[in-house]
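One structure is given here, and the rest of the page talks about it.
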Protein chains: 2
Amino acid sequence: MYKIAFDDFFNYSFSLDSVIFGLRNGEINVLLIKRALEPFKNMWAIPGDLVYPDEDLSNAAERILFELTKLNNVELHQAQTFGHPKRHPQGRVITSAYFALVRIEEFHVEASSWAEEVKWVPFHEIPELAFDHNLILNSTFELLKKKLTYEPICFDLLPKRFTLNEMQQLYEYAFGVEMDKANFRKKIKPIPLISHDEKQINVKHRPAKLFSFNSDVYEKITTTEGYQFKM
Amino acid sequence: MYKIAFDDFFNYSFSLDSVIFGLRNGEINVLLIKRALEPFKNMWAIPGDLVYPDEDLSNAAERILFELTKLNNVELHQAQTFGHPKRHPQGRVITSAYFALVRIEEFHVEASSWAEEVKWVPFHEIPELAFDHNLILNSTFELLKKKLTYEPICFDLLPKRFTLNEMQQLYEYAFGVEMDKANFRKKIKPIPLISHDEKQINVKHRPAKLFSFNSDVYEKITTTEGYQFKM
DNA sequence: AGTAAATATTGTTGTTTGTACAATAACTAA
DNA sequence: TTAGTTATTGTACAAACAACAATATTTACT
């Protein structure tokens with residue numbers, strides 16, 4: 001091990017904040033925690049904490065998310081890194097945002113560690129958050145919308161079995177446009193979906209057929225043929 | 001100022017590494033420096049260094065790049081963040097990659113500070129680099145290729161005035177495909193280009209007309225109309 | 001059982017965009 | 001003037017897109 005020649009530079013800390021997106025009532029929701037600690041005690045925040053000295057980033061992101069919310073087994077992706085010198089009142093803390101997409105109904109969340117509460121909040125009702133978390137949240141949401149156009153991630157938000165209308169509504173919500181139902185169905189023809197014999201229940205009109213995403217076939221056609229997802 | 005309650009966590013350091021891409025002889029080149037310092041002394045590396053305690057990230061990236069290479073006035077964009085615990089032999093150093101696109105001929109580069117040499121290296125001749133810089137370079141190159149498809153950044157690499165063939169060759173190189181010349185020209189019709197009365201010189205065949213990118217009109221049509229660049 | 005209401009699903013048509021390839025024009029160098 | 005080379009335009013067909021009409025299926029109500 002070399003002798004460290006620049007001790008003064010080892011005064012930083014590094015944190016990870018995970019923006020967890022879910023879909024409820026046709027709107028994107030975000031998982032927030034209420035801080036039981038200073039600074040910003042009692043304010044809402046994106047779940048996040050400091051990385052341990054010998055921890056890899058992706059592991060740390062999983063650990064931190066689980067410690068605060070008991071949320072587990074979600075696929076976290078790196079987003080942007082934020083490092084304004086004054087973003088943390090207690091010192092120089094640089095943070096990387098991670099994000100994940102989940103089906104809200106399928107996961108149990110529970111406040112834990114220094115999180116006093118956890119809850120899903122519709123995107124348009126996000127309050128003022130701790131630190132620069134509003135900034136982080138907004139820029140990660142923009143990233144999500146961009147990714148929706150060129151990666152098949154809508155299926156991570158939709159229920160495992162969904163109607164084509166639910167899928168369409170998600171895109172209409174994200175892109176802020178209305179789409180023609182007939183044309184939408186033609187447009188998504190190349191996306192490999194499994195058509196089930198199952199239908200919606202408890203609807204007071206003709207129930208829609210349920211579909212699910214065929215990820216195996218998707219893998220195959222993206223690698224062997226040069227298929228490129230796009231909306 | 002709050003009292004810091006977790007001193008042990010303030011043992012990290014944070015660096016920025018800038019991947020500078022340029023185009024030469026139809027191939028992407030990358031600006032590398034030769035390290036005059038341990039660790040990895042005498043090895044080639046992406047220009048990068050530690051961030052000062054009260055420095056914002058984007059400013060730091062510019063400063064560091066200038067100190068090592070005298071390269072100035074380039075637009076740096078954030079890419080991925082790398083934080084494997086063992087990526088730096090002298091301690092826990094997390095790094096964010098930045099990247100920029102430049103016209104090689106227009107900029108003067110010069111080794112400075114602890115950079116012993118600077119040079120442009122064609123992408124396919126990149127040697128083994130210090131730290132995890134090969135990993136950083138490769139993933140940033142992938143990001144560049146992706147961005148080429150949905151942002152008009154090819155014009156930052158091409159000469160200010162370029163032929164349509166040069167533009168086509170850049171995309172053929174980046175995407176690894178051949179394109180039909182006639183169809184390429186039709187495809188780029190919606191992109192606002194200024195057609196000059198100038199032509200290639202010193203070519204031993206019919207010289208091609210020179211074009212330049214009309215960024216003003218591009219701004220206008222992306223904001224007012226909903227035009228979306230794509231290749 | 002029959003019918004209205006609501007939504008799912010399929011079709012039709014015209015327009016735009018993409019692809020393959022042919023034809024022509026423009027310039028250099030000898 | 002001509003051969004060689006490349007730029008540029010044109011044509012014809014196929015595929016994708018957009019707007020809208022028409023039909024089919026189911027639920028809820030009378």
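Here is the naming used below: chain letters follow the sequence lines, and residue numbers restart at 1 for every chain.
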Taking any heavy-atom pair under 4.0 Å as a contact, classify B/Lys181: base, sugar-phosphate, or nothing. base

d([atom1], [X]; [atom2], [N]) in whole Å:
X        : N      : atom1 : atom2 : value
A/Gln200 : C/dA6  : CD    : P     : 16 Å
B/Lys230 : D/dC17 : NZ    : P     : 8 Å
B/Ile191 : C/dT17 : CD1   : C1'   : 15 Å
A/Phe211 : C/dA8  : CZ    : P     : 11 Å
B/Tyr227 : C/dT17 : OH    : P     : 11 Å
B/Met231 : C/dT17 : CE    : C1'   : 14 Å
A/Arg185 : C/dT10 : CZ    : P     : 8 Å

Below 3.5 Å, can you tabulate the donor-acceptor pairs from side chains in residues 224-231 of chain A to any protein atom, sequence neighbours excluded?
residue, atom, partner, partner atom, Å
A/Thr224, OG1, A/Lys220, O, 2.8

Within-4.5 Å side-chain heavy-atom neighbours: B/Ile201 and B/Pro207: no

Name every residue in residues 157-178 of chain B that has at least one heavy atom under 4.0 Å from any atom of DNA chain C, in order of residue number, or write none if there are no such residues. none

Contact pattern, 5' to 3', of nucleotides 20-30 of chain C - B, S or - by protein heavy atom under 4.0 Å: BB---BBBSS-

Got a sec, which residues hit side-chain hydrogen bond (donor to acceptor under 3.5 Å, both in side chains) with [X], two or more places apart in sequence or on another chain?
X        : result
A/Ser15  : A/Thr95
B/Arg87  : B/Asp132
B/Ser212 : B/His196

Check the pair B/Tyr150, A/Tyr150 against ring-ring contact (aromatic ring centres under 6.0 Å, His included), reporting the backbone distance first and the verdict last. CA-CA 10 Å; B/Tyr150 57 81; A/Tyr150 56 81; 5.5 Å; yes

Could you tell me how the ring of A/Tyr218 sits relative to the ring of A/Phe213: parallel (under 30°), tilted (30 to 60°) or perpendicular (over 60°)? tilted

Under 6.0 Å from the ring centre and within 45 degrees of the ring axis: does the NZ or CZ of B/Lys186 meet both conditions for the six-membered ring of B/Phe184? no

Give me the one residue out of A/Ile46, A/Thr69, A/Val109 that meets side chain to side chain contact (heavy atoms under 4.5 Å, CB included) with A/Ile33. A/Thr69

